[in-house]
Every structure is written in C-alpha cells, then in structure tokens.
Amino acid sequence: MSQYRAIRGMADILPEETPLWQMLEQTARDVLMAHGYREIRTPIVESTDLFARSIGEVTDIVEKEMYTFLDRNNESLSLRPEGTASTVRAMVQNGLLNASQRVWYLGPMFRYERPQKGRQRQFHQIGVEAFGIPSPDQDAELLLLSRQWWRRLGIDDVLTLELNSIGSSDARHNYKAALVAYLQQHLDAIDDDSRRRLTTNPLRILDSKDAGTQTVLEGAPSISDFLDDQSKAHRDRLAELLSRASLSFVWNDRLVRGLDYYNDTVFEWTTDQLGAQSTVCGGGRYDGLVQQFGGKATPAAGFAAGLERLILLLQVLELQADELTDLYVVSADETTLSHAMAETDRIRADYPGLSVTQHLGGGSFKSQFKRADKSGAKWALIFGDDEVASGLVTVKPMRSDGEQQTLTASELNKFLSRLEQASEESED
RNA sequence: GUGGCUGUAGCUCACCAGGUAGAGCACCGGAUUGUGGCUCCGGAGGUAGUGGGUUCGAGACCCAUCAGCCACCCCA
C-alpha cells in the first residue's frame with residue numbers, strides 16, 4: 001500500500017490502457033478533420049461566474065458539483081465542469097464569430113460527484129461545437145458526424161440516438177407551468193425527489209427513475225404540444241434530413257438536459273451496455289449562449305462525448321488497439337551493447353516508421369529473449385560477439401516459425417525497408 | 001449528500017469456534033555457460049487499508065475512519 005493515492009474519483013490511465021485511448025482519440029481526430037472541424041484548446045480553469053451563468057445557477061452542476069476555489073487574488077475560479085462555456089467565451093473574446101465556425105476540443109473536465117461506473121470526478125470529453133448556422137442541417141451534420149465516429153470505432157450497433165425538441169424558452173416556460181399544474185394533482189403518487197424538484201427544476205422530473213412517478217408521467221402533458229411553428233418546422237426538417245441519411249433515432253419527449261442553455265434540438269446517444277450511466281454522448285442547440293456572453297447573436301449547436309464511457313464500451317465489446325513493437329534489440333555484453341546502441345540509433349533515424357526497443361541493463365540471452373517475447377516484438381535483432389566481430393547482425397522471427405538469419409549490412413537495410421513498409425500498411 | 005457491498009502478496013482470491021498467513025497468475029533465477037513461447041525446479045514479495053475496542057490472544061468479533069465498487073441524486 002503506497003503512502004499516496006490518487007484523489008478520489010481521479011483515475012490513472014495506465015500504459016496498458018493508453019493504446020485504446022489513443023485509438024479512440026485518433027479516430028475522433030480523423031472523423032473531425034474529415035468534416036472540416038478544427039481544434040481549439042482553452043484553459044482548464046475559468047472564472048466561476050462563467051460557468052454559473054451559462055450552465056445555470058440552479059443546476060446541480062453549479063450548485064454542488066464544481067471544484068471552486070479562491071486564487072491568491074481572492075478571485076473565485078473553477079475547474080471546468082464542461083467545455084461549451086469556455087469554448088464560447090474563447091470564440092467571443094477572440095472575435096472569431098464574424099463567420100461561421102466549426103471547432104472541437106478534447107480534455108479533462110471536473111465534477112465533484114460520488115464516483116460510480118462510468119463516472120469520475122476527473123473525466124474526459126471530446127466536444128464539438130458549430131457556430132453561425134441556425135438551420136437544422138447543422139444539427140444533422142453533428143449527428144451524422146458522431147455516427148461516423150461510432151462506425152469507425154465499431155460501436156454503432158450498440159448505440160441508440162434519442163432526440164427531442166425542447167423549443168424556445170417561452171415554450172419551455174409554458175410547458176413547465178402545465179407540467180407543474182398536472183403533477184400537483186398527483187402529489188401523493190410521485191416520489192420525494194420529484195416533489196422537491198417541482199419547485200426547483202420541474203423538467204428533471206421527466207426522467208425520474210421512480211416507477212410510481214413514471215406512471216403518473218404517462219398522463220402528463222408533452223413538450224411537443226407547446227412548440228411554436230418555427231420549432232416544429234426545425235424539428236421536422238431535422239427528422240427528414242436524418243431519415244434521408246438513414247440515421248434512425250427515437251423521439252423521446254421526456255429527454256431534457258441538465259444545462260440551461262439548450263433550445264430546440266436536444267439529443268443523447270445511449271447504450272444498454274454500461275449499467276446506470278447509459279449516456280455516452282449528449283448535446284443540442286444553444287442559440288442564445290453567445291449573445292449571453294456578450295457576443296453578437298450567433299446560433300450554435302454542439303455535443304460532448306464522455307471518453308471514459310466510450311472506453312468502457314470498447315472494453316465491453318472487447319475491441320482492442322494494437323501495440324506495435326517491431327524490433328527488440330539484444331546484445332551479448334558491454335562491448336556488443338555499445339555497438340548495438342549506436343546501430344539501433346541509426347535504424348531509428350533511417351526507418352522512422354519502425355518501433356524499436358533495445359534491451360538495456362545486460363543479462364543473459366535467455367532473459368533478453370524472454371523480454372523480447374513479452375514485448376510483443378515481431379523480430380529480435382541479435383548483436384552477439386560473432387555478429388559484431390564480422391560486421392553482421394542476426395534477425396530472429398518471434399511471431400512466426402521461420403529460421404533466424406544472419407545478414408550483412410545491406411541485407412539488413414533491405415529487411416528493414418520491407419518491414420517498415422509492411423508496418424505502415426497494417427496501420428491503415 | 002444518501003444507501004448497499006467490499007478492503008489479506010503486483011493481480012484474482014483462499015484459510016479461520018478468534019491461537020501471530022497460503023494458492024494460482026505475474027515477477028526474478030536455474031534446468032539449456034549465444035536464443036523466448038511449453039514443462040519442471042527454486043527464489044523474492046504481506047506491520048492482513050488505518051486507528052481504537054473486546055480478549056490471555058484478532059486478519060478474523062465490535063466501533064470509527066479512509067478507500068474501492070455498485071446504485072440513488074445528477075450527468076459525459
């Protein structure tokens with residue numbers, strides 16, 4: 001038991017797992033680049049006020065989940081609980097919103113919650129935000145983009161897209177009143193939490209997990225009856241675009257989201273493979289946020305995907321990332337090691353596509369080959385006394401049955417070129 | 001913030017009416033003095049999460065605390 005442990009809810013991501021993370025992230029980068037989105041990097045710390053105002057003062061995130069502290073100047077700062085607020089701030093501050101923009105970001109987020117499966121206090125999101133386009137084609141592009149990512153990861157079969165329109169703030173205001181009025185007639189049939197939320201955040205009652213409350217909700221008014229014509233048209237056009245692109249989805253008129261800034265389109269990609277935390281990706285449209293941050297009125301939409309949950313999903317489905325070690329360099333003693341080190345350095349310079357590990361610290365050939373085997377290397381390069389004395393090197397196959405061969409310098413170069421080529425092809 | 005379950009070797013776990021710890025895997029070495037994967041042999045590794053209590057004696061019982069897992073709340 002070590003003296004120090006990581007802070008609760010903040011996990012180490014170990015070398016064994018990082019290849020999967022890198023694959024996940026690289027796939028996202030590829031897809032985003034293929035859609036013309038550009039990366040933005042913003043600070044992890046912002047003024048507390050930025051989050052409070054955008055996410056909503058009375059949301060759980062702001063009320064009890066933020067890591068907030070005073071800096072040495074007595075300014076209240078917070079670790080970011082999500083990425084949209086910082087992104088909008090940066091876009092406005094840097095004057096980038098005079099044209100439409102497509103951006104994405106990747107990084108850690110922080111929420112002070114009780115950890116459970118698929119939930120950490122420090123977790124990672126890839127977020128995608130599009131500014132300047134009010135029409136539903138933008139919503140559709142974001143959804144198609146996300147689906148391409150799932151396809152490349154091989155998880156599209158286990159994900160479901162849930163969609164809803166929560167309309168304008170007027171519509172939500174009217175709907176809230178109707179919902180509260182309805183629920184007040186059934187006070188005795190709903191759970192305590194929901195009763196409490198009646199005054200704090202009535203829309204959240206919609207996704208209560210309490211069976212009695214759900215029964216009551218079956219007779220509740222639906223947000224869809226409160227949408228104005230513009231919101232309905234937006235919703236219907238989005239549905240049409242998705243259908244044309246064969247992206248199937250389910251309407252869920254109980255889908256509301258925990259952040260205040262959304263309007264019209266909201267969505268979640270969910271799975272039944274992860275226990276209680278079923279949402280892997282969520283987002284929607286937020287046409288009012290830019291103006292609220294002092295920019296000129298700019299429509300926007302976006303989503304964020306939780307990387308820990310996607311990793312969990314990849315692991316459940318037993319999808320793996322390859323760890324590529326091509327060569328493991330073995331030598332006999334101090335003299336041959338110094339030769340081997342210089343030669344390995346040369347190989348790395350001349351064949352940058354190869355992954356080469358040199359055995360360090362000496363030891364018997366036997367133990368060095370055990371290491372070579374465990375490294376997963378395809379070949380061992382052997383610099384023994386005989387080889388070094390005659391300017392040769394032996395290559396031994398570790399993953400196939402062939403015989404080892406002793407090569408001249410030029411034969412080795414041919415061998416390495418072929419290997420580098422094969423290795424690059426297998427990566428694509 | 002609330003609830004349930006769990007904390008013994010790096011990992012997965014055992015033992016035991018309460019009498020000061022064991023296996024498998026992993027690790028290191030040897031059988032093979034220049035060659036891995038299989039097999040065999042050997043070795044190292046633990047103040048039993050931490051603190052207190054009950055007891056002649058506690059890893060085992062009790063309390064507290066910390067941590068992990070899962071669920072609620074809420075969210076990615």
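Looking at heavy-atom distances under 4.0 Å, A:Arg371 makes contact with sugar-phosphate atoms alone, never a base. Among the atoms of the strands shown, base atoms are found under 4.0 Å from some heavy atom of A:Lys396. A:Gly9 comes within 4.0 angstrom of sugar-phosphate atoms only, judged by non-hydrogen atoms across all strands, and of no base. If you check every strand for non-hydrogen atoms under 4.0 Å, A:Asp207 touches nothing. Across all strands shown, A:Leu310 has no heavy atoms under 4.0 Å from either base or sugar-phosphate atoms. Within the nucleic acid shown, A:Ala304 comes within 4.0 Å of sugar-phosphate atoms alone, with no base atom in reach, counting heavy atoms only. At the heavy-atom level, A:Pro397 lies under 4.0 Å from base atoms of the strands shown. Across all strands, A:Gly118 comes closer than 4.0 Å to base atoms (heavy-atom distances).
Base pairing annotation: B:U2 forms a Watson-Crick or G-U wobble pair with B:A71, both donor-acceptor distances under 3.5 Å. A 3.5 Å limit on both hydrogen-bonding distances identifies no Watson-Crick or G-U partner for B:U8. Across all strands shown, the partner of B:U50 is B:A64, judged by Watson-Crick or G-U wobble contacts whose two distances both fall under 3.5 Å. Pair check for B:C13 finds B:G22; Watson-Crick or G-U wobble, both atom distances under 3.5 Å. In this structure B:C28 sits in a base pair with B:G42, meeting the Watson-Crick or G-U test at under 3.5 Å. Partner assigned to B:A76 is none, using Watson-Crick or G-U wobble distances below 3.5 angstrom.
Counting only N and O atoms by type, the side chains of A:Thr27 and A:Asp30 include no donor and acceptor under 3.5 Å apart. Remark: the A:Gln404 side chain and the A:Thr394 side chain contain no N/O donor-acceptor pair separated by less than 3.5 Å. There is no side-chain donor-acceptor pair under 3.5 Å between A:Ser224 and A:Asp253.
Distance A:Arg5 CZ to B:U50 P: 12 Å, rounded to the nearest Å. Rounded to an integer number of Å, the gap from CH2 of A:Trp149 to C1' of B:A76 is 10 Å. As a whole-Å value, the separation of A:Met109 CE from B:A76 P is 11 Å. Atom-to-atom, CD of A:Glu403 to C1' of B:G36 comes out at 14 Å; the value is rounded to the nearest Å. In this structure, A:Glu113 atom CD and B:C73 atom C1' are separated by 9 Å, rounded to whole Å. Rounding to whole angstrom units, CG of residue A:Asp210 and C1' of B:G3 are separated by 16 Å. Nucleotide B:G3 holds its P atom 8 Å from the CZ atom of A:Arg114, rounded to whole Å. Protein atom NE2 of A:His124 is 12 Å distant from nucleotide atom C1' of B:A76, rounded to whole Å.
Between A:Arg399 and A:Asp373 there is a salt bridge, since at least one side-chain N of the basic residue sits less than 4.0 Å from a carboxylate O of the acidic one. Salt bridge A:Glu343/A:Arg346: present, at least one basic N to carboxylate O contact under 4.0 Å. In this structure, A:Asp193 pairs ionically with A:Arg196, as a charged nitrogen and a carboxylate oxygen lie closer than 4.0 Å. Under the 4.0 Å criterion applied to side-chain N and carboxylate O atoms, A:Arg257 and A:Glu268 are assigned as salt-bridge partners.
Between the A:Asn252 side chain and the A:Leu163 main chain, no donor and acceptor come within less than 3.5 Å of each other.
When the side-chain nitrogen and oxygen atoms of A:Arg204 are compared with OP1 and OP2 of B:C72, none of them lie within a distance under 4.0 Å. One finds no side-chain N or O of A:Lys370 lying less than 4.0 angstrom from the OP1 or OP2 phosphate oxygen of B:G29. Side-chain N/O atoms of A:Arg8 include one lying less than 4.0 angstrom from OP1 or OP2 on B:G68. Residue A:Lys209 places at least one side-chain N or O closer than 4.0 Å to OP1 or OP2 of B:C72. Between A:Gln116 and B:C72 there is a side-chain N or O to OP1 or OP2 distance below 4.0 Å. The phosphate of B:C69 (OP1 or OP2) has no side-chain N or O of A:Arg119 nearer than 4.0 angstrom.
Relative to the side chain of A:Gln277, the nucleotides B:A76, B:G68, B:C73 differ in distance, and B:C73 lies closest. Comparing B:C72, B:C75, B:G34 by their closest approach to the side chain of A:Ile61 singles out B:C75. Out of B:G3, B:G29, B:G34, the shortest distance to the side chain of A:Thr394 is found at B:G34. Residue A:Lys374 places its side chain closer to B:C28 than to any other of B:C28, B:G34, B:C73. Distance from the side chain of A:Ser367 is smallest to B:G29 among B:A76, B:G1, B:G29.
Between the side chain of A:Gln404 and the base of B:U35 there is at least one donor-acceptor pair of N/O atoms closer than 3.5 Å. Checked by distance alone, A:Arg309 brings a side-chain donor or acceptor within 3.5 Å of a matching partner on the base of B:C75. Interface remark: the A:Asp373 side chain does not form any donor-acceptor pair with the B:G37 base, using a distance-only criterion of under 3.5 Å. With hydrogens and angles left out, the side chain of A:Lys366 and the base of B:U35 share no donor-acceptor pair within 3.5 Å. One donor-acceptor pair, N or O on each side, does fall under 3.5 Å between the base of B:G34 and the side chain of A:Glu387.
For the P atoms, the distance from B:G49 to B:G68 is 16 Å, rounded to whole Å. Distance noted for atom P between B:G10 and B:C56: 35 Å (whole Å). Rounded to the nearest Å, the gap between the P atom of B:A21 and that of B:U47 is 13 Å. Spacing between B:A60 and B:A14 at atom P, rounded to whole Å, works out to 16 Å. The gap from the P atom of B:U39 to that of B:A44 amounts to 23 Å, rounded to the nearest Å. If you take atom C1' in B:G59 and the same atom in B:G18, they sit 10 Å apart, rounded to whole Å. With C1' as the reference atom, B:A9 and B:A23 are 11 Å apart, rounded to whole Å. For the P atoms, the distance from B:C69 to B:G30 is 40 Å, rounded to whole Å.
Between the side-chain ring of A:Phe365 and the base of B:U35, no stacking contact exists by the 5.5 Å and 30° definition.
Classified by interplanar angle (parallel below 30°, tilted 30° to 60°, perpendicular above 60°), the ring pair A:Trp251/A:Phe249 is perpendicular.
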